Engineer: 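Okay, handing you the structure first.
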Amino acid sequence: MTSSYQFDHNAFAADLQSNYAALSDGEESGVQVRVAGRLMLLRRQGKLAFATMRDSSGEVQLFALSQVTEEFEAFSKLHLGDWVGVEGEVVRTKRGELSVKVATWVRLAEALHNFGDKWAGIADFDLRYRHREADLWANDVSRRSLLRRSHVVRAVRERCWAQGFVEVETPILNPIPTGAAARPFKTHHNALDAEFFLRIAPELWLKRLVVGGFERVFEIGRLFRNEGVSPRHNPEFTSLELYAAYWNYEDMMTFTEELVAGVALDVLGTTEIEYQGRQLSLSTPWARRSMTELASEGVGEEISVHTPREHLVKLLADRDVVAHASWGPGRCLEELFGATMEATLWDAVFVTGHPVEISPLARRDPDDELLTQRFESYAAGRELSNGFSELIDPVEQRARFEDQARLAAAGDDEAMVIDEDYLRALEWGLPPTAGLGVGLDRLAMLIADESNIREVIAFPTLKPLRD
RNA sequence: GCGCCGGUAGCUCAAUUGGCAGAGCAUUUGACUCUUAAUCAACAGGUUCCGGGUUCAAGUCCCGGCCGGCGCACCA
C-alpha cells in the first residue's frame, strides 16, 4: 500500500482549469504538475481509469492508463474519498476533459467512511451538523456558506481597521455577567475557588478601554447566552462590538450602514441582495424610523412612552401578549413594536429612540427624558445591530443599575446586576462615546442567503447524544 | 420548556386498509483503451432510533424515552 508523510504539491485544480483553458481536445501540454486532493468520483474503463479529484480550489480529472501509470491496478481500486497526491502531465482528453495524466501517485490518506450519496449528498441534518467534515465534501452549499461567513468576518475586520479602530480582546470569564440583559452560563475556577460567568457581552470592558485612552476599539468574539436554541439563535454566537470616542448615535448609524453595505459589496459585489428568494436592499442611506412611530403605526393609534401603562397593557392583551408585572410603559412600547411591526421590516432600516427603561447603558434623549439616543438596525425582519450614545455619567449610571436591580427583584431574571468596577471606571471619565454591536452570524446569514444560523456556524451547538 | 412533523442498509429514498423489508449509489468480485452521477454482470449488506404494549401478524397502531426539523417562548 502506497503511503506518504508529505507531498510537494505545486498546482491547484482551479488554476489548471484556467491556465490550460486553451488546450484543445486530445492535446498534451508537455507540462508536468503535482496536484493533491480527495477522490470524488472514479470510473474504471479496462486499462484506463478516470477520477475526479477535488482540492480547496476546485476539481480536475485524473487520467490513468495502465501503460503510463505506476501501479495502475492499485490506482483503479482507490476508494471514493481517499486523499491522493499525483504527478503527471496536463492534458485534455479526446472527449474534452482537462486532466492530469497520472505518472506517479501516492495515497495520502484513506477514507474509511463514504461521503454520502454522490448525487444527493448528505441530507440528514443530524449527520451534517455532527460531522461537518463530511458535509463539507458532500454539499457544495455548506462549503459556500461557511466560506462566505469567513469573508464577512474578514471584511468587517478590514473595514474597522481602515477606520482607525484598534482590535482588542476582553475577558470571557467574568465574575459577574454584565453588558446586556441575558441569562448566563456559569462555571467555576478551582484554584481561585471562584464562580465565573461566560460573557454575555464585552460592552463594559470595551468602554473601560475607552476610559483608558483607546479612542476607537473593537472586538470580534464569541458571546454565550443560556437561552433557547432556534434557527436564529445558537448558545454561543459571534458579535462585533465597537466604540468610538467623540461620536454620538447618529455618527454610529452612519458608520453601521456603511459597514454593512460595504461588507455586502466586498463579499457579493452588490448592496441589492437576494435573500430567501426575495430582493433585499442594504443600500445606504437606510431609512430611520422611531420606535414610537412604528409602534403607533402597528397598533393604529398614537401611543408613546408617555401613554398610561394600563392602556399599553390592554393593547398588548389585544394581541395575546401578557404584560409582566415588572414591565413599565417603555417595555410595553417595545413589546408592541415587536408584536406588530418588527417582522415586517425587510429592507435594512434603523429603529431609533428606545425607552430608557429598556436601555440601561444608553444616554438619555435631551428632547424626551424617557427615551434614549439609541438605534437598532433590522433586515429581513430580524435585528442586525444595536447601538447608542453611551451613558457616561457615573451617578446616573448607578441609578439605572439600581432600577435594573429593582426589576430583578420584581422577577425579571434577565435584568442587569450592578457592576461596581464599571461605575468606578466611569468616575475616571468616559468621554462622549457611541457604541455598536452587530450579530455577525446574523449578518453572515444575510450574505450567505441562509435561513438557519447553523448553516453559517461550522460546528453549531447540539444536544449531546445519550444512551 | 411547549406544540406539530420526522428517524427504514454506509448515503439518498420506497414499502397500499396492519400481511414475506426493497431500489439506486457506496462497498466486494468480474468485464471493458476516452469516461463524465460511466456502463454491464454478480455477491453481500437490516436490532426499521431505543424500551414497553395491542394483535394470529407491527416499519405501519398505542404509551414512554432519545435525536433532529419547523413553529411558539426567550433573545442577537
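Below, chains carry the letters A, B, ... as their sequence lines are ordered, and counting in each starts from 1. Computed from a predicted structure; not experimentally measured.
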Engineer: What nucleotide among rG68(B), rA38(B), rU12(B) has an atom nearest to a side-chain atom of L41(A)?
Structural biologist: rA38(B)

Engineer: Using purine N1 to pyrimidine N3 plus N6-O4 or O6-N4 for Watson-Crick, or N1-O2 and O6-N3 for G-U wobble, both under 3.5 Å, which nucleotide pairs with rA9(B)?
Structural biologist: none

Engineer: If you check the R130(A) side chain, which of rU12(B), rG68(B), rG71(B) turns out closest?
Structural biologist: rG68(B)

Engineer: Check every strand shown and say whether N386(A) touches a base, only sugar-phosphate, or nothing at a heavy-atom separation below 4.0 Å.
Structural biologist: nothing

Engineer: Take atom P in rC61(B) and the same atom in rG19(B), then report the distance between them in whole Å.
Structural biologist: 11 Å

Engineer: Please determine whether any donor N or O and acceptor N or O are separated by less than 3.5 Å between the side chain of D126(A) and the base of rG68(B).
Structural biologist: no

Engineer: Of all the nucleotides listed (rA37(B), rU12(B), rC74(B)), which has the minimum atom distance to the side chain of R183(A)?
Structural biologist: rC74(B)

Engineer: Among rU33(B), rA73(B), rU12(B), which nucleotide has an atom closest to any side-chain atom of K47(A)?
Structural biologist: rU33(B)

Engineer: So what does S230(A) hit on the nucleic acid, given a heavy-atom distance under 4.0 Å: a base, only sugar-phosphate, or nothing?
Structural biologist: base

Engineer: Under 4.0 Å from OP1 or OP2 of rG71(B): is there any side-chain N or O of R232(A) that close?
Structural biologist: yes

Engineer: rA26(B) C1' sits how many Å from D82(A) CG, rounded?
Structural biologist: 13 Å

Engineer: Nearest-nucleotide wise, let me know which of A180(A) and T93(A) is further upstream toward the 5' end of RNA chain B.
Structural biologist: T93(A)

Engineer: Looking just at side-chain N and O atoms, do N174(A) and W205(A) make a donor-acceptor pair shorter than 3.5 Å?
Structural biologist: yes

Engineer: Ignoring hydrogens, what is the shortest heavy-atom contact between A380(A) and L446(A)? Give both atom names and the distance.
Structural biologist: CB-CD1, 4.0 Å

Engineer: Taking the six-membered ring of F165(A) as reference, does the cationic atom of R216(A) (NZ for Lys, CZ for Arg) lie under 6.0 Å from its centre and within 45° of its axis?
Structural biologist: yes

Engineer: Whole-Å distance between rC11(B) P and E133(A) CD?
Structural biologist: 14 Å

Engineer: For nucleotides rG10(B) and rU54(B), find the distance between their C1' atoms and express it as a whole number of Å.
Structural biologist: 35 Å

Engineer: Could you check whether G46(A) gets within reach of a base, just the sugar-phosphate, or nothing at all, counting any heavy atom under 4.0 Å?
Structural biologist: base

Engineer: Assign G26(A) to base, sugar-phosphate, or nothing according to its heavy-atom contacts below 4.0 angstrom with the strands shown.
Structural biologist: nothing

Engineer: Would you indicate, yes or no, if rC25(B) has its OP1 or OP2 atom less than 4.0 angstrom from a side-chain nitrogen or oxygen of K118(A)?
Structural biologist: no

Engineer: In whole angstrom, give me the gap between the P atoms of rG68(B) and rG30(B).
Structural biologist: 43 Å

Engineer: Between E334(A) and H354(A), do the side chains contain a donor N or O and an acceptor N or O under 3.5 Å apart?
Structural biologist: no

Engineer: By the 4.0 Å heavy-atom rule, please label L127(A) as base, sugar-phosphate, or nothing.
Structural biologist: sugar-phosphate

Engineer: Applying the 5.5 Å / 30° rule, does F125(A) stack onto the base of rG69(B)?
Structural biologist: no

Engineer: Looking only at atom P, what distance separates rG22(B) and rC34(B), rounded to whole Å?
Structural biologist: 39 Å

Engineer: Could you tell me which non-hydrogen atom of S385(A) sits nearest to which non-hydrogen atom of L436(A), and how far apart they are?
Structural biologist: CB-CD1, 3.9 Å

Engineer: Assign P460(A) to base, sugar-phosphate, or nothing according to its heavy-atom contacts below 4.0 angstrom with the strands shown.
Structural biologist: nothing

Engineer: Taking the C1' atom of each, how far is rG45(B) from rU12(B), in whole Å?
Structural biologist: 16 Å

Engineer: With under 30° as parallel and over 60° as perpendicular, where do the rings of F63(A) and F50(A) fit, or are they tilted in between?
Structural biologist: parallel

Engineer: Starting at atom CZ of R128(A), determine the distance to atom C1' of rG69(B), rounded to an integer number of angstrom.
Structural biologist: 12 Å

Engineer: Would you say rA38(B) has OP1 or OP2 under 4.0 Å from some side-chain N or O of Q45(A)?
Structural biologist: no

Engineer: So if I take every side-chain heavy atom of L80(A) and compare against rU36(B), rU27(B), rC13(B), which nucleotide ends up nearest?
Structural biologist: rU27(B)

Engineer: Which heavy-atom pair separates R225(A) from A201(A) by the least distance, and what is that distance?
Structural biologist: NH2-CB, 4.3 Å

Engineer: May I ask you to list the residues of residues 57-67 of chain A, by number, that have any heavy atom positioned under 4.0 Å from an atom of RNA chain B?
Structural biologist: Q61(A), F63(A), Q67(A)

Engineer: Just name whichever nucleotide pairs with rU36(B), Watson-Crick or G-U, keeping both distances under 3.5 Å, else none.
Structural biologist: none

Engineer: Could you check Q61(A), K118(A), R54(A) and say which one makes a side-chain contact (heavy atoms from CB on, under 4.5 Å) with L41(A)?
Structural biologist: K118(A)

Engineer: Less than 4.0 angstrom between a side-chain N/O of K463(A) and OP1 or OP2 of rG1(B), yes or no?
Structural biologist: no

Engineer: Whole-Å distance between rA76(B) C1' and F375(A) CZ?
Structural biologist: 14 Å

Engineer: Take the protein atom CG of L78(A) and the nucleotide atom C1' of rU27(B), then report the distance between them rounded to whole Å.
Structural biologist: 14 Å

Engineer: Expressed in angstrom and rounded to an integer, what is the separation of R43(A) atom CZ from rU33(B) atom P?
Structural biologist: 16 Å

Engineer: Provide the Watson-Crick or G-U wobble partner of rA15(B), both distances under 3.5 Å; none if there is no partner.
Structural biologist: none

Engineer: rA38(B) phosphate, OP1 or OP2: any side-chain N/O from R44(A) under 4.0 angstrom?
Structural biologist: no

Engineer: For the C1' atoms, the ones on rA58(B) and on rC20(B), what distance do you get once it is rounded to whole angstrom?
Structural biologist: 14 Å

Engineer: Name the closest nucleotide to the E97(A) side chain, picking from rU36(B), rA37(B), rU12(B).
Structural biologist: rU36(B)

Engineer: Searching all strands shown, indicate the nucleotide that pairs with rC2(B) (Watson-Crick or G-U wobble; both distances under 3.5 Å).
Structural biologist: rG71(B)

Engineer: Examine the side chains of E219(A) and T170(A) and answer whether a donor and an acceptor come within less than 3.5 Å of each other.
Structural biologist: yes

Engineer: What's the CZ-P distance between R454(A) and rG68(B), to the nearest Å?
Structural biologist: 7 Å

Engineer: Please give the distance between the P atoms of rU60(B) and rA9(B) as a whole number of Å.
Structural biologist: 15 Å

Engineer: I need the residues from residues 443-453 of chain A with at least one non-hydrogen atom less than 4.0 Å from RNA chain B; give them sorted by number, or say none.
Structural biologist: N452(A), I453(A)

Engineer: If each of E236(A) and A123(A) is mapped to the nucleotide of RNA chain B with the nearest heavy atom, which maps nearer the 5' terminus, i.e. the 5' end?
Structural biologist: A123(A)

Engineer: What are the two closest heavy atoms between P184(A) and F197(A), and how far apart are they?
Structural biologist: CG-CD2, 3.6 Å

Engineer: Can you confirm whether H324(A) is buried at NE2, in the sense that more than 12 heavy atoms of other residues, nucleotides or ligands lie under 6.0 Å from that atom?
Structural biologist: yes

Engineer: Whole-Å distance between rG1(B) P and E227(A) CD?
Structural biologist: 15 Å

Engineer: Distance check: side-chain N/O of H113(A) vs OP1/OP2 of rA26(B), anything under 4.0 Å?
Structural biologist: no

Engineer: Think R278(A) forms a cation-pi with W346(A), using NZ or CZ under 6.0 Å from the six-ring centre and within 45 degrees of its axis?
Structural biologist: yes

Engineer: Across all strands shown, which nucleotide pairs with rC61(B) by Watson-Crick or G-U wobble geometry, both distances under 3.5 Å?
Structural biologist: rG53(B)

Engineer: Just checking, is any N or O donor in the side chain of E455(A) or Y129(A) under 3.5 Å from an acceptor N or O on the other one?
Structural biologist: yes

Engineer: Treating Q404(A) as the side-chain partner and F401(A) as the backbone partner, does any N or O pair qualify as donor plus acceptor under 3.5 Å?
Structural biologist: no

